[in-house]
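Worksheet: one structure, shown below.
Computed over heavy atoms, backbone and side chain alike; hydrogens, waters and symmetry mates excluded. In each ligand, atom 1 is the first atom listed, and ligand 1 is the first ligand listed.
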Amino acid sequence: MGNYDFDKRIDRQNTASVKWGLNNVIFGTDDVLPMWVADMDFEPPHEVSEALRERLEHGIFGYTYIPEAAADAIQSWVKKRHDWDIQASWILYSPGVVPSIGVAIHAFTQPGDKVLIQSPVYTPFFNTIEQNDRVVVNSPLILKENRYEIDFADFEEKLKEDVKLFILCNPHNPSGRSWNEGELRKIADLCMQYNCLVVSDEIHSDLMFKPNRHVPIVSLDEKYQNHIITFVAPSKTFNLAGLQASAAIIPNAELRKAFKTTQGKLGFFHLNIFGVTAMEAAYRHGEAWLEELIAYVKENIDITTDFIKQELPELTVMEPDGTYLLWIDCRKLGLSDEELKEKLIKKGKIGLEPGPKYGPGGEGFVRMNLACTRETLMDGLERLKRAFS
Ligand SMILES: Cc1ncc(COP(=O)(O)O)c(C=O)c1O
């Protein structure tokens, strides 16, 4: 038994929780168990809540700047967790990684420009490109022995199409695949060769299962610093998504200036007082909590994998290197995505993310969020079984 109680049941109804309060909107019925959107049903480290309480009790919430201590906390965190040396001056702040992707698209591309992604991948990658009148170029990941691989020949062909920006998802959402050093070097070298800037979304990077380690792509070689910008956040790691604080780490001064100028043009560079407070406290004090959280989540993943093997042998779980997400291959059931959805919602009464949301390659898959108490998990697994029995 550790110091933190991840079994503690906290009712999230009536808290405007996207996961727990929008069943009717998302699934058309109130009675599903929501195991979809990527937040956790756990309290953050108590130091975070204490820091927030202290700030709240001060009682005045006027304009605030982001103190140097925040950058210092980020710097120490990425050094300790990912052996990544960064300078405080490289850090810019943003309310979220998706807003940062939007800023990068505005700062580094023009309408009509091509932006490369690798499907299946996090839905807002597609939306942010398309809604800004840029063009999605897709180099789909390939499935080999139940694991995603990059088709580097195709990746290079796509880069030859005058692609301006590549958005990397590392670790990969939805599969939890973490790209290794060799793969990352290849990506970085090819993107440099074809003069394509890399935006590396590393929002899930703190959630790795031992002995796997996250490698920040830009940390692999100094020469990459002029070609890669990285987005990190405490939101997934410490369950702080509602507080909206994240960081863009941009070593190259010109790129940083361009990013900051675009943030200025759009008028959004402030962070919420509570977001900053929580971010600093989490990075400074959250490590012990995180270690226990990762162990708890890994157990949830193992329980789910065993359960599915035993009870639902037609489904195949993709073993994640990290994250609290599980990507489940349901194709052997021979059902259409509509039929899958219908069975999950109507029969199983469970709300999962449908694979097609992640673009080509997502058909026949679902994504399940396992950052929940063991009690919720067991309920979810019984529902999953019922859906397909
Ligand atoms: C890969 C990835 N990027 C970004 C986000 C969201 O980031 P934010 O809430 O900071 O905009 C998510 C959330 O699930 C994600 O999975």
Side-chain angles (χ1 to χ4, degrees), residues 16-19 22 26 34-41 44 74 91-105 115-129 131-132 141 148 165-179 198-208 214 216-217 229-249 263 266 268-272 274-276 278-279 282-283 297 320-327 351-355 357-359 362 365-372:
S17 153
V18 168
K19 194 197 274 172
L22 294 181
I26 307 289
M35 299 184 83
W36 59 288
V37 70
D39 76 8
M40 311 201 254
D41 293 337
I74 294 171
I91 300 172
L92 297 176
Y93 296 96
S94 158
V97 169
V98 173
S100 286
I101 291 171
V103 168
I105 286 171
V115 180
L116 181 62
I117 55 171
Q118 299 167 304
S119 80
V121 77
Y122 184 52
T123 318
F125 284 16
F126 294 90
N127 301 344
T128 314
I129 298 166
Q131 285 165 0
N132 285 299
L141 296 171
Y148 282 119
L165 200 75
F166 165 54
I167 311 176
L168 172 69
C169 193
N170 185 33
H172 175 247
N173 173 10
S175 74
R177 168 80 148 86
S178 148
W179 305 108
V198 180
V199 164
S200 187
D201 176 341
E202 302 187 8
I203 196 167
H204 295 278
S205 59
D206 295 317
L207 297 159
M208 298 288 290
H214 171 69
I217 180 169
I229 68 178
T230 308
F231 300 147
V232 298
S235 48
K236 299 289 161 205
T237 316
F238 298 105
N239 204 25
L240 305 174
L243 289 171
Q244 300 185 319
S246 78
I249 301 175
Q263 279 189 310
L266 299 171
F268 77 106
F269 32 78
H270 283 305
L271 289 192
N272 186 292
F274 294 107
V276 178
M279 176 162 65
Y283 282 141
V297 167
D321 301 320
T323 79
Y324 47 75
L325 309 170
L326 203 61
W327 189 233
L352 304 182
E353 285 274 34
K357 257 186 89 172
Y358 301 85
F365 285 78
V366 291
R367 193 194 72 172
M368 189 169 180
N369 174 351
L370 301 188
C372 58

Between [X] (side chain only) and [Y] (backbone N and O only), is there a donor and an acceptor less than 3.5 Å apart?
X: Ser200; Y: Glu202; value: no
X: Lys236; Y: Ala38; value: yes
X: Tyr324; Y: Cys372; value: no

* Asked: Distance only, no hydrogens: is a donor on one side chain within 3.5 Å (strictly under) of an acceptor on the other, for Trp327 and Tyr148?
  -> yes
* Asked: Hey, does Cys169 sit under 4.0 Å from ligand 1 if you only count heavy atoms?
  -> yes
* Using non-hydrogen atoms of the residue, decide whether Pro99 is closer than 4.0 angstrom to ligand 1. => yes
* Out of Leu240, Val98, Asp201, Val97, whose heavy atom sits nearest atom 2 (C) of ligand 1? -> Asp201
* Structure fact -> Looking only at non-hydrogen atoms, the one of His204, Glu202, Glu353 nearest atom 16 (O) of ligand 1 is His204
* Nearest to atom 6 (C) of ligand 1, what protein heavy atom do you find, and at what distance? -> Tyr122 OH, 3.2 Å
* **Protein residue, atom and distance nearest to atom 7 (O) of ligand 1, heavy-atom basis** => Ile203 CD1, 3.3 Å
* Asked: Is there at least one pair of N or O atoms, one from Lys236 and one from ligand 1, spaced under 3.5 Å apart?
  -> yes
* Name the one of Asn170, Asp206, Asp321 that satisfies side-chain contact (heavy atoms from CB on, under 4.5 Å) with His214? -> Asn170
